[in-house]
Amino acid sequence: MKSLLLIAAMLVSALAFSQDDKSNRPSPPAQAKQTLKKGTVVTIDYSQPAVKGRTIGVDLEPLPGKVWRTGANEATVFEISKDVLIEGKELPAGKYGLFTLDDGDNWTFIFNKTWKQWGAFNYKESDDALRVTVKAEKAKEFTERFLIEIEKDGEVELHWGNTEVGFKIKEKE
C-alpha cells in the first residue's frame, strides 16, 4: 500500500512539474531584453504564436478592433527600470501589460497597469497607463513565429506574418 501511494505521489509531482514547463506549449515563451545607452533596462516577456497556415486578422490575432495580448497565452509583460518616453509620451518605470489594437494601417500600443493576467480577457481600458499609435509597415519577409526585438537605441520592433510595426523608447535626461 505504501509503495502504491509513493508511486501515485511521484506521478502527481511529475504531472505538476510538466505543466509548469511552458517551453512545451504550442506558443513557447520568449523574452526580448536590452540595456539602452543610458542604462535603462527594457524587458518584454511574451509567448510566440505561429501562423501555421492561418490568416492573421481573420482566424488568428490580432483581429480588427479587438485588443490583443501581443503574443499568446499570458498577457505580454513590458518592464522598464527607469522612467522613459514612448513615442514622446511619458511612461513611469514599472511593469505593464503590453496590448495592441490593429486597424490595418496603424497599430495602437497599450501599456496597461494590470500586467499579470491571462490573455486580454480581463483587460480594462480604465487601467491603461499609456496609448501610442504608430504606422505599420509591410515586412520585407514573412515571419512565421511572432517575434519582438529591442535595439540598443530604444527601437522596439514586432514581426508577425507580413507586418512589421514598432515604437521608440527614449531615455529621459
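Hydrogens, waters and symmetry mates play no part in the numbers below; they use all other heavy atoms, side chains included.
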From [X] atom [atom1] to [Y] atom [atom2], the distance as rounded to the nearest 0.5 Å:
X: Asn73; Y: Asp45; atom1: CG; atom2: CG; answer: 12.5 Å
X: Gln48; Y: Leu147; atom1: CD; atom2: CG; answer: 6.5 Å
X: Glu137; Y: Asp105; atom1: CD; atom2: CG; answer: 12.0 Å
X: Leu36; Y: Ile169; atom1: CG; atom2: CD1; answer: 6.0 Å
X: Gln34; Y: Ile44; atom1: CD; atom2: CD1; answer: 10.5 Å
X: Glu74; Y: Gln117; atom1: CD; atom2: CD; answer: 11.0 Å

Name every donor-acceptor pair, under 3.5 Å, that has one atom in a side chain of residues 52-66 and the other anywhere in the protein, sequence neighbours excluded.
residue: Arg54; atom: NE; partner: Val51; partner atom: O; Å: 3.0
residue: Arg54; atom: NH2; partner: Ala50; partner atom: O; Å: 2.6
residue: Asp59; atom: OD1; partner: Thr55; partner atom: N; Å: 2.7

How are the rings of Trp160 and Trp68 set relative to one another: parallel (under 30°), tilted (30 to 60°) or perpendicular (over 60°)?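 Because their plane-to-plane angle is under 30°, the rings of Trp160 and Trp68 count as parallel.
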
Does the side chain of Ser81 come under 3.5 Å of the side chain of Thr40 through a donor N or O and an acceptor N or O?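 Per modelled atom types, Ser81 and Thr40 side chains form no pair under 3.5 Å.
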
Mind listing the closest non-hydrogen atom pair of [X] and [Y] along with its distance?
X: Gly39; Y: Glu171; value: N-OE2, 3.2 Å
X: Ala136; Y: Gly104; value: CB-O, 4.1 Å
X: Lys38; Y: Lys172; value: CD-O, 4.5 Å
X: Arg69; Y: Ala75; value: CB-CA, 4.1 Å
X: Ala129; Y: Leu91; value: CB-CD1, 4.1 Å

Tell me whether the count of non-hydrogen atoms from other residues, nucleotides or ligands lying under 6.0 Å of NZ in Lys152 goes above 12.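 Atom NZ in Lys152 is packed in, count exceeds 12.
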
Main chain of Leu130, side chain of Asp128: is a donor-acceptor contact present, judged purely on distance under 3.5 Å?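 Absent.
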
Between Glu87 and Lys170, does any side-chain N to carboxylate O distance fall below 4.0 Å?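 Looking at Glu87 and Lys170, the cut-off is not met.
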
For Phe167 together with Phe111, are the ring centres under 6.0 Å from each other?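 Phe111 vs Phe167: aromatic centres under 6.0 Å.
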
Does the ring-ring contact (aromatic ring centres under 6.0 Å, His included) test come out yes or no for Phe146 and Tyr46, once each step is laid out? CA-CA 10 Å; Phe146 180 64; Tyr46 65 106; 5.6 Å; yes

If you apply the rule side-chain contact (heavy atoms from CB on, under 4.5 Å), what do you find for Ile86 with Lys168, and how did you get there? CA-CA 6 Å; Ile86 306 282; Lys168 180 74 173 177; over 6 Å; no

Is it possible for you to say whether Ile150 and Tyr96 belong to one hydrophobic cluster, with membership spreading through side-chain heavy-atom contacts below 4.5 Å?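 Both belong to a single hydrophobic cluster.
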
Considering only Ile, Leu, Val, Met, Phe, Trp and Tyr, and joining two whenever side-chain heavy atoms are under 4.5 Å apart, list the other residues clustered with Leu101.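 Leu101 clusters with Val67, Phe99, Ile110, Tyr123.
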
